[in-house]
Amino acid sequence: RPPRSTLFPYTTLSDLLVNATAELVQTTAKKYTPIKSGKARGSWNKSTSRRGFTVTNETPYIGRLEEGYSKQQPRGISTPTIAEIRRKTR
(Lines give C-alpha, C1' and ligand atoms only; values in the text may rest on other atoms or scores of the structure.)
Protein backbone atom coordinates (compact mmCIF):
# COMPACT_ATOMS: atom_id res chain seq x y z
CA ARG A 1 0.00 0.00 0.00
CA PRO A 2 1.41 3.44 -0.87
CA PRO A 3 2.05 5.85 2.01
CA ARG A 4 -0.59 8.47 2.70
CA SER A 5 0.14 12.00 1.62
CA THR A 6 -1.26 15.24 2.97
CA LEU A 7 -2.80 15.97 -0.43
CA PHE A 8 -4.67 12.68 -0.63
CA PRO A 9 -4.72 10.95 2.76
CA TYR A 10 -6.97 8.04 1.68
CA THR A 11 -5.45 4.79 0.54
CA THR A 12 -8.66 3.06 -0.53
CA LEU A 13 -12.04 3.96 -1.93
CA SER A 14 -13.63 2.73 1.29
CA ASP A 15 -11.46 5.16 3.31
CA LEU A 16 -12.66 7.98 1.09
CA LEU A 17 -16.33 6.96 1.40
CA VAL A 18 -16.15 6.57 5.18
CA ASN A 19 -14.57 10.00 5.58
CA ALA A 20 -17.03 11.65 3.16
CA THR A 21 -19.98 10.11 5.00
CA ALA A 22 -18.60 11.16 8.40
CA GLU A 23 -18.08 14.69 7.08
CA LEU A 24 -21.67 14.80 5.79
CA VAL A 25 -23.07 13.63 9.13
CA GLN A 26 -20.94 16.12 11.10
CA THR A 27 -21.83 19.06 8.84
CA THR A 28 -25.52 18.23 8.86
CA ALA A 29 -25.62 17.76 12.64
CA LYS A 30 -23.98 21.17 13.06
CA LYS A 31 -26.60 22.69 10.77
CA TYR A 32 -29.43 21.33 12.95
CA THR A 33 -27.83 22.20 16.30
CA PRO A 34 -29.59 25.17 17.89
CA ILE A 35 -27.33 28.13 18.51
CA LYS A 36 -27.30 30.40 21.53
CA SER A 37 -23.67 30.70 22.53
CA GLY A 38 -22.33 28.50 19.71
CA LYS A 39 -20.73 26.01 22.11
CA ALA A 40 -22.90 23.03 21.16
CA ARG A 41 -22.69 23.74 17.43
CA GLY A 42 -18.91 24.09 17.60
CA SER A 43 -18.40 20.91 19.63
CA TRP A 44 -19.16 18.30 16.95
CA ASN A 45 -16.21 15.96 16.33
CA LYS A 46 -15.71 13.06 13.98
CA SER A 47 -13.32 10.15 14.06
CA THR A 48 -12.85 7.61 11.32
CA SER A 49 -11.27 4.21 11.05
CA ARG A 50 -11.28 1.34 8.61
CA ARG A 51 -14.35 -0.03 10.35
CA GLY A 52 -16.46 3.13 10.19
CA PHE A 53 -16.86 6.48 11.86
CA THR A 54 -18.21 8.20 14.95
CA VAL A 55 -19.63 11.70 15.24
CA THR A 56 -19.85 12.95 18.81
CA ASN A 57 -20.64 16.05 20.83
CA GLU A 58 -19.49 16.21 24.45
CA THR A 59 -21.35 19.42 25.35
CA PRO A 60 -23.01 18.71 28.74
CA TYR A 61 -26.47 19.81 27.58
CA ILE A 62 -26.46 18.14 24.16
CA GLY A 63 -28.94 15.53 25.45
CA ARG A 64 -31.46 18.23 26.27
CA LEU A 65 -31.08 19.71 22.81
CA GLU A 66 -31.52 16.25 21.30
CA GLU A 67 -34.75 15.87 23.27
CA GLY A 68 -36.13 19.04 21.65
CA TYR A 69 -35.58 21.42 24.56
CA SER A 70 -34.77 24.30 22.22
CA LYS A 71 -37.57 26.14 20.45
CA GLN A 72 -35.14 26.60 17.55
CA GLN A 73 -35.02 22.85 16.95
CA PRO A 74 -37.97 21.13 18.68
CA ARG A 75 -37.36 17.90 16.69
CA GLY A 76 -33.91 17.54 18.19
CA ILE A 77 -30.77 17.04 16.11
CA SER A 78 -30.58 13.38 15.04
CA THR A 79 -34.03 13.08 13.46
CA PRO A 80 -33.64 15.97 10.99
CA THR A 81 -29.99 15.07 10.38
CA ILE A 82 -30.84 11.49 9.41
CA ALA A 83 -33.80 12.62 7.30
CA GLU A 84 -31.63 15.08 5.33
CA ILE A 85 -28.86 12.53 4.78
CA ARG A 86 -31.39 10.00 3.51
CA ARG A 87 -32.75 12.56 1.04
CA LYS A 88 -29.25 13.48 -0.15
CA THR A 89 -28.05 9.92 -0.61
CA ARG A 90 -30.98 8.38 -2.48
Side-chain angles (χ1 to χ4, degrees):
R1 177 183 323 177
R4 292 180 182 210
S5 72
T6 56
L7 295 176
F8 194 76
Y10 312 106
T11 57
T12 66
L13 180 58
S14 64
D15 288 346
L16 179 64
L17 291 173
V18 166
N19 193 64
T21 305
E23 188 68 33
L24 177 61
V25 171
Q26 180 185 32
T27 301
T28 308
K30 281 184 180 184
K31 173 181 166 183
Y32 287 109
T33 302
I35 188 164
K36 185 173 182 178
S37 69
K39 181 177 180 179
R41 188 171 281 186
S43 294
W44 288 102
N45 297 296
K46 70 176 171 75
S47 61
T48 59
S49 71
R50 290 203 163 286
R51 298 181 65 196
F53 67 91
T54 306
V55 176
T56 59
N57 189 317
E58 297 295 325
T59 305
Y61 51 88
I62 198 69
R64 299 273 319 257
L65 296 177
E66 179 59 38
E67 293 167 357
Y69 178 76
S70 172
K71 291 179 183 177
Q72 291 178 28
Q73 198 55 261
R75 291 179 51 211
I77 301 163
S78 297
T79 299
T81 296
I82 291 167
E84 181 171 323
I85 290 169
R86 283 185 175 156
R87 282 191 306 273
K88 286 183 174 180
T89 57
R90 284 190 175 168

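We use all heavy atoms of the structure for the numbers below, so side chains are in, but hydrogens, waters and symmetry mates are not. Starting from 1, each residue takes its place in the sequence as its number. Treat the numbers as computed from the prediction; the structure is a model and nothing was measured.
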Val18 and Ser49 have their tightest heavy-atom pair at CG1-O, 3.9 Å

Taking all atoms of both residues into account, what is the closest heavy-atom pair of Gln73 and Tyr32, and its distance?
-> CG-O, 3.2 Å

Which heavy atom of Thr81 sits nearest a heavy atom of Val25, and at what distance?
-> CG2-O, 4.1 Å

Point-to-point distance, once rounded to the nearest 0.5 Å, from OG1 of Thr48 to CG of Leu17 | 12.0 Å

Could you tell me which non-hydrogen atom of Asn19 sits nearest to which non-hydrogen atom of Lys46, and how far apart they are?
-> OD1-NZ, 3.1 Å

Kindly say whether Asp15 contributes a backbone atom to a donor-acceptor pair with the side chain of Thr12 at under 3.5 angstrom?
-> yes

Separation between NZ (Lys39) and CG (Asn57), nearest 0.5 Å, reads 9.5 Å

When clusters are formed by joining ILVMFWY residues with side-chain heavy atoms under 4.5 Å apart, either directly or through shared neighbours, do Tyr61 and Val55 land in the same one?
-> yes

Shortest non-hydrogen separation from Leu65 to Pro34 and the atoms involved | CD2-CG, 4.1 Å

Donor-acceptor pair, side chain of Glu66 and main chain of Ile77, under 3.5 angstrom = yes

Worked verdict on Thr56 versus Thr54 for side chain to side chain donor-acceptor pair (under 3.5 Å) | CA-CA 6 Å; Thr56 59; Thr54 306; over 6 Å; no

For Thr21 and Phe53, work out which heavy atoms get closest and say how close.
-> CG2-CE2, 3.6 Å

Quick one: does Gln72's side chain get under 4.5 Å of Ile35's, heavy atoms only?
-> yes

State the OG-CD distance between Ser47 and Gln26, to the nearest 0.5 angstrom.
-> 10.0 Å

